[in-house]
Amino acid sequence: MTNLRSLVLLGSTGSIGRSTLDVVAAHPGVFTILALAAYSNVDLLVEQYRRFHPKYICLVDPGRADELRQRLGGNPVTLLFGEDDLIQLAQTAEADTVVNAVVWA
């Protein structure tokens with residue numbers, strides 16, 4: 001039996017994040033997405049959730065938190081918000097690999 005490599009993807013809605021998810025999709029049975037994080041692109045983050053079913057979703061922009069709760073509430077996902085939660089995802093021991101595609105201003 002193959003052990004899936006669990007990934008945390010910070011910056012999943014940017015070009016590097018989307019490319020990383022393309023690699024994951026091209027290698028079924030190799031990777032699983034543990035967490036996705038984005039700054040504010042709720043539409044794409046929800047689409048990515050529906051495709052990859054991560055355990056955690058983090059949205060950094062607090063102004064979009066209610067929108068994400070409305071769109072994903074009731075799904076089996078833990079919703080996280082803000083920079084502190086993003087940092088916690090980056091440090092989680094649950095992941096085999098963390099891909100950082102976040103651009104800091």
TODO: List for me each residue that meets salt bridge (Lys or Arg N to Asp or Glu O under 4.0 Å) alongside Arg69, sequence neighbours excluded, and say none if there are none.
DONE: Asp66
Task: Stepwise side chain to side chain contact (heavy atoms under 4.5 Å, CB included) check, Leu21 with Leu36 - done: CA-CA 10 Å; Leu21 291 174; Leu36 295 172; 4.1 Å; yes
Open item on the list: Check Glu67 with Arg64, please: is the shortest side-chain N to carboxylate O separation under 4.0 Å?
Closed with: yes
Open item on the list: I'd like to know if the side chain of Asn75 and the backbone of Leu72 have a donor-acceptor N/O pair within less than 3.5 Å.
Closed with: yes
Task: Side-chain donor or acceptor of Asp61 paired with backbone N/O of Gly63 under 3.5 Å - done: yes
Task: Gln91 side chain near Ile87 side chain, heavy-atom distance below 4.5 Å - done: yes
Open item on the list: Applying a strict under-4.5 Å side-chain criterion to I, L, V, M, F, W and Y, I'd like to know whether Leu44 and Ile33 cluster together.
Closed with: no
Open item on the list: Between Asn41 (side chain only) and Thr13 (backbone N and O only), is there a donor and an acceptor less than 3.5 Å apart?
Closed with: no
Task: ring-ring contact (aromatic ring centres under 6.0 Å, His included): pairs with one or both residues in residues 33-52, sequence neighbours excluded - done: Tyr49-His53
- [ ] May I ask you to decide if Gln48's main-chain N or O and Ser12's side chain share a donor-acceptor pair within less than 3.5 Å?
- [x] no
Task: Polar contact flag, side-chain donor to acceptor under 3.5 angstrom, Arg5-Thr97 - done: yes
- [ ] Kindly work out whether a path of hydrophobic side-chain contacts (I/L/V/M/F/W/Y, heavy atoms less than 4.5 Å apart) joins Leu7 to Val30.
- [x] yes
Task: Interatomic spacing from NE2 in His27 to CG in Leu4 - rounded to 0.5 Å - done: 13.5 Å
